[in-house]
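Report on the structure given below.
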Amino acid sequence: MTSKLKPTLGTIHLWGIAVGLVISGEYFGWSYGWGVAGTLGFLVTTALIATMYTCFIFSFTELTTAIPHAGGPFAYSRRAFGETGGLIAGMATLIEFVFAPPAIAMAIGAYLNVQYPGLNPKYAAVGAYLVFMTLNILGVKLAAMFELVVTVLAVLELLVFMGVVAPGFSITNFAAHGWSGGEHFGLPAVSGIFAAIPFAIWFFLAIEGAAMAAEEAKDPKRTIPKAYITGILTLVVLAIGVMLMAGGAGDWRKLSDINDPLPQAMKMVVGENSGWMHMLVWIGLFGLIASFHGIILGYSRQFFALSRAGYLPAGLAKLSRFQTPHRAIIAGGVIGIAAIFSDSWINLQGMTLTAAMITMAVFGAIVMYLMSMLSLFRLRRTAPEMERTFRAPGYPIVPGIALVLAFVCLIAMLWFNAVIGGLFVAFMVAGYLYFLMTKGQRASAPRDAMLLGD
């Protein structure tokens with residue numbers, strides 16, 4: 001059975017994947033940052049992270065177009081730093097994309113629980129896995145078209161939310177207690193800003209996943225830059241708008257530790273029985289579904305690429321009759337469902353399940369961002385002959401900003417999340433041990449000129 005993916009996706013599909021992967025981050029997750037830093041402190045955090053992501057995407061696009069590979073960051077880092085570099089980036093990306101979906105699935109359950117109080121959010125989350133794993137197995141063109149539709153609906157719904165809440169917006173509400181939270185070493189404002197980093201990253205997490213659809217893109221050297229640049233601009237505008245409108249709707253402290261902040265913010269303005277509020281709950285599901293569905297596509301391609309290169313068991317690279325990596329899709333789903341039912345352990349660590357999954361995913365993302373920017377710098381030096389149809393603007397300053405801010409984020413993450421950081425390191429070490437034991441598996445893997453630079 002073939003292990004070559006078929007190019008079928010255009011610019012609009014890739015934009016839908018890039019924005020759809022992320023857009024659930026505008027619906028939930030970020031408000032946990034208010035509880036840590038306050039609204040004003042978190043606004044500073046978000047501005048820093050938005051700067052990092054904008055610089056990162058303009059730089060990352062150079063790699064994506066030069067090496068349009070399903071492995072994404074794994075492929076860039078292996079080309080730049082060899083097998084061990086590929087392992088670090090590949091494992092980090094896999095952790096990011098496997099641990100983000102359980103958080104989103106639980107948010108889907110929370111939104112449904114608003115309408116059906118008797119529905120167990122965990123069972124709803126498992127149901128979401130089964131439905132969207134199946135849809136991904138049925139074909140990438142179908143999956144991408146579905147992703148585009150739900151992404152457009154999700155963007156429109158965020159605009160509706162901002163429009164409906166705007167008449168009740170008060171800057172006084174937003175600024176009240178704005179520097180609260182994060183009491184560490186007598187520096188509540190400063191430490192809160194750094195402690196809130198994972199939740200600001202959640203606004204943009206996984207946009208890089210569109211790179212994993214690069215092998216399935218038509219003319220990736222032209223379509224990917226357009227999709228990425230319009231995607232990051234879309235997300236920055238939505239993130240700032242949603243955060244400001246929700247924070248100014250009333251007492252933001254009631255929204256800082258829940259999985260459905262937007263319906264609850266709208267309730268403050270229009271009341272619990274308003275048709276607007278119920279519409280937001282239902283249509284708001286599209287934002288969660290868009291990210292959940294898109295990240296399943298992303299993790300499956302990462303499993304596929306690592307397996308095809310011999311870093312994971314070769315069976316995960318098998319394609320179904322629909323030309324989709326069905327075994328990889330199922331493998332990530334099994335891990336995600338297990339994570340959903342791990343909350344009894346997570347609670348012992350003093351974190352909610354959602355916050356813990358977000359934090360774990362962010363650790364993977366930050367390490368991957370570091371490896372990607374380092375790969376960009378190294379390949380500029382060691383492979384100047386590589387065709388680069390898109391070059392990072394402002395090189396080396398723009399990618400340098402992304403690299404420095406990502407490093408600052410990693411240090412802050414380790415400082416404020418030592419337990420989850422330790423678990424992340426344990427996963428990486430386990431991957432390295434498997435890597436050491438499977439040299440023959442990689443040697444017998446199909447030769448990939450794009451990875452090896454031939």
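By convention here, the first residue in the shown sequence is residue 1.
- Residues Phe146 and Leu135 meet the side-chain proximity criterion, which asks for heavy atoms closer than 4.5 Å.
- For the pair Ser444 (side chain) and Gln441 (backbone), a donor-acceptor distance under 3.5 Å is present.
- The side-chain heavy atoms of Thr84 and Phe435, taken from C-beta on, include a pair separated by under 4.5 Å.
- Side-chain atoms of His326 never come within 3.5 Å of backbone atoms of Ile137 as a donor-acceptor pair (strictly under, hydrogens ignored).
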**Message:** The test is ring pair (Phe, Tyr, Trp, His ring centres under 6.0 Å); show your working for Tyr129 and Phe292 and say whether it passes.
**Reply:** CA-CA 8 Å; Tyr129 262 105; Phe292 184 67; 4.9 Å; yes
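- No close placement of the Tyr369 and Phe60 rings is indicated, their centers lying 6.0 Å or farther apart.
- Although no hydrogens or angles enter the test, the distance criterion places no donor-acceptor pair under 3.5 Å between the side chain of Ser256 and the main chain of Ser31.
- Using a 30° and 60° split on the angle between ring planes, Phe424 and Phe363 fall in the parallel class, below 30°.
- Counting heavy atoms from C-beta outward, Ile67 and Arg79 have side chains that approach closer than 4.5 Å.
- With Asn417 contributing its side chain and Met413 its backbone, the two residues share a donor-acceptor pair below 3.5 Å.
- Within the 3.5 Å criterion, the main-chain N or O of Thr389 finds no donor-acceptor partner in the side chain of Thr65.
- You'll find the side chain of Tyr32 stays beyond 4.5 Å of the side chain of Leu255, heavy atoms only.
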**Asked** Can Phe74 and Tyr311 be said to form a ring pair (Phe, Tyr, Trp, His ring centres under 6.0 Å), step by step?
**Response** CA-CA 11 Å; Phe74 157 69; Tyr311 285 70; 5.0 Å; yes
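- Shown here for Ile340 and Pro102, the closest heavy-atom pair between the two residues is CG1-CB, 4.0 Å.
- A tilted orientation is assigned to the rings of Phe377 and Tyr395, their planes being inclined by 30° to 60°.
- No donor-acceptor pair closer than 3.5 Å links the side chain of Asn113 to the backbone N or O of Pro121.
- In summary, the aromatic rings of Phe28 and Trp202 are positioned with their centroids under 6.0 Å apart.
- Remark: Arg388 pairs with Glu62 by the salt bridge (Lys or Arg N to Asp or Glu O under 4.0 Å) rule, at least two apart or across chains.
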**Request:** Kindly determine whether Phe97 and Gln302 satisfy side-chain contact (heavy atoms from CB on, under 4.5 Å), including the steps that lead there.
**Result:** CA-CA 9 Å; Phe97 277 77; Gln302 192 67 11; 5.8 Å; no
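- Checked by atom type and distance alone, the side chain of Ser291 pairs as donor or acceptor with a backbone atom of Ser24 at under 3.5 Å.
- Proximity of Thr324 to Leu319: side-chain heavy atoms (C-beta onward) are nowhere separated by under 4.5 Å.
- Closest non-hydrogen pair, Ala365 versus Leu205, comes out as CB-CD1, 3.3 Å.
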**Asked** Which is it for Ile296 and Met133 under the side-chain contact (heavy atoms from CB on, under 4.5 Å) test, yes or no, and what are the steps along the way?
**Response** CA-CA 7 Å; Ile296 288 175; Met133 285 163 59; 4.3 Å; yes
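- Side-chain contact of Ser375 with Ser77: a donor-acceptor pair under 3.5 Å is present, judged by distance alone.
- Between the CZ atom in Phe390 and the CG atom in Leu63 there is a gap of 11.0 Å [rounded to 0.5 Å].
- For Arg378, there are no salt bridge (Lys or Arg N to Asp or Glu O under 4.0 Å) partners at least two apart in sequence or on another chain.
- For Arg327 and Phe304, the positive end is not near the middle of the six-membered ring at less than 6.0 Å and at most 45° from its axis.
- The shortest distance between side-chain heavy atoms of Leu148 and Trp15 falls below 4.5 Å.
- The heavy-atom pair separating Tyr76 from Leu379 by the smallest distance is O-CD1, 4.1 Å.
- To the nearest 0.5 Å, atom CD1 of residue Ile23 and atom OG1 of residue Thr234 are 8.5 Å apart.
- Between Glu96 and Tyr299 there is no side-chain heavy-atom pair separated by less than 4.5 Å.
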**Item:** Audit row: Phe199, Trp30, ring pair (Phe, Tyr, Trp, His ring centres under 6.0 Å) steps and yes/no
**Value:** CA-CA 5 Å; Phe199 308 111; Trp30 56 267; over 10 Å; no
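- The six-membered or imidazole ring of Phe204 lies away from that of Phe56, with a centre-to-centre distance of 6.0 Å or more.
- Annotation: the span from Glu157 atom CD to Leu153 atom CG amounts to 9.0 Å, rounded to 0.5 Å.
- Remark: side-chain polar atoms of His13 are paired, donor with acceptor, to backbone N or O of Gly10 under 3.5 angstrom.
- One finds the CD atom of Glu26 at 9.5 Å from the CD1 atom of Ile240 (value rounded to the nearest 0.5 Å).
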**Request:** Starting from the C-alpha separation in whole Å, work towards a yes-or-no answer on side-chain hydrogen bond (donor to acceptor under 3.5 Å, both in side chains) for Thr11 and Thr223.
**Result:** CA-CA 5 Å; Thr11 302; Thr223 55; 4.8 Å; no
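- Heavy-atom minimum distance, Ala66 versus Met386: CB-SD, 3.6 Å.
- For the pair Met243 and Trp34, the minimum side-chain heavy-atom distance is below 4.5 Å.
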**Request:** Output, in order, the C-alpha distance, side-chain angles, deciding distance and verdict of side-chain contact (heavy atoms from CB on, under 4.5 Å) for Leu21 and Ile207.
**Result:** CA-CA 6 Å; Leu21 282 164; Ile207 186 173; over 6 Å; no
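- Checking side-chain atoms of Thr46 against main-chain N and O of Phe42 turns up a donor-acceptor pair under 3.5 Å.
- Summarising the geometry, atom CG belonging to Leu130 is positioned 5.5 Å from atom CD1 belonging to Ile337; distances are rounded to the nearest 0.5 Å.
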**Message:** Could you go through Val149 and Phe286, starting from their C-alpha distance and side-chain angles, then the distance that decides it, and tell me whether this counts as side-chain contact (heavy atoms from CB on, under 4.5 Å)?
**Reply:** CA-CA 9 Å; Val149 171; Phe286 285 119; over 6 Å; no
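- With rounding to the nearest 0.5 Å, the separation of CD1 in Ile366 from CD1 in Ile197 is 7.5 Å.
- The heavy-atom pair separating Ala196 from Ala37 by the smallest distance is CB-CB, 3.9 Å.
- Between the side chain of Tyr27 and the main chain of Leu262, no donor-acceptor pair closer than 3.5 Å is present.
- The two atoms that bring Val242 and Met162 nearest to each other are N-SD, 3.7 Å, heavy atoms only.
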